[in-house]
Amino acid sequence: MTVLVAYAPAPEGREALTQGIAEAVLRKADLLIVNVGRGHHDLEPQEMKDIESQLQAAGRGLTVESSVLSDPGDAVIQIAQDRDVDMIVVGLRHRSMVGKLILGSTVQRILLDATCPVLAVRADRLN
């Protein structure tokens with residue numbers, strides 16, 4: 001079993017990562033982190049060590065992957081299908097109605113096109 005986390009270096013990406021780790025441990029699955037942030041910012045080395053430690057303690061594996069596709073939604077869906085993952089975890093952020101209309105929604109695309117269950121989590125509001 002594999003849980004895929006769509007990670008971006010933002011509060012919603014960090015919440016997706018937190019929940020993805022919890023799901024992987026709960027489901028006794030390996031964790032696949034797909035870096036979908038603009039510029040594909042990697043996790044900090046200390047963050048990676050902490051994640052690896054948590055998963056090793058639970059007897060789970062970890063893989064980190066990026067995609068050459070420019071659309072993060074396409075990347076997540078393609079990797080999920082190629083790896084036959086059991087669940088995708090994505091983070092949500094608040095957007096205005098105009099922002100949703102003009103920019104579209106990567107999360108919406110993943111929710112509609114994924115061939116496996118998707119867990120959408122929302123980071124706590126900072127305000």
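Everything numeric here is computed off the predicted structure, so don't read it as measured data.
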Of all the heavy-atom pairs spanning [X] and [Y], show the shortest one and how long it is.
X	Y	result
Ala16	Gly91	CB-N, 3.6 Å
Leu62	Ile33	CD1-CD1, 3.7 Å
Ala58	Val25	CB-CG2, 3.8 Å
Arg60	Ala24	CD-O, 3.8 Å
Met1	Asp86	CA-OD2, 2.8 Å
Ala29	Thr2	CB-N, 4.0 Å

Using 0.5 Å steps for rounding, measure from the [atom1] atom of [X] to the [atom2] atom of [Y].
X	Y	atom1	atom2	result
Leu17	Glu12	CG	CD	12.5 Å
Thr106	Leu92	OG1	CG	11.5 Å
Leu26	Gln19	CG	CD	10.5 Å
Thr63	Ile79	OG1	CD1	11.0 Å
Glu15	Tyr7	CD	OH	12.5 Å
Glu65	Leu32	CD	CG	5.5 Å

Given the rule that I, L, V, M, F, W and Y join up when any side-chain heavy atoms are under 4.5 Å apart, are Val118 and Leu112 in one cluster? no
ask   = Knowing that exactly one of Thr18, Val5, Ile21, Val64 qualifies, which makes a side chain to side chain contact (heavy atoms under 4.5 Å, CB included) with Ile51?
value =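 The option that passes is Ile21.
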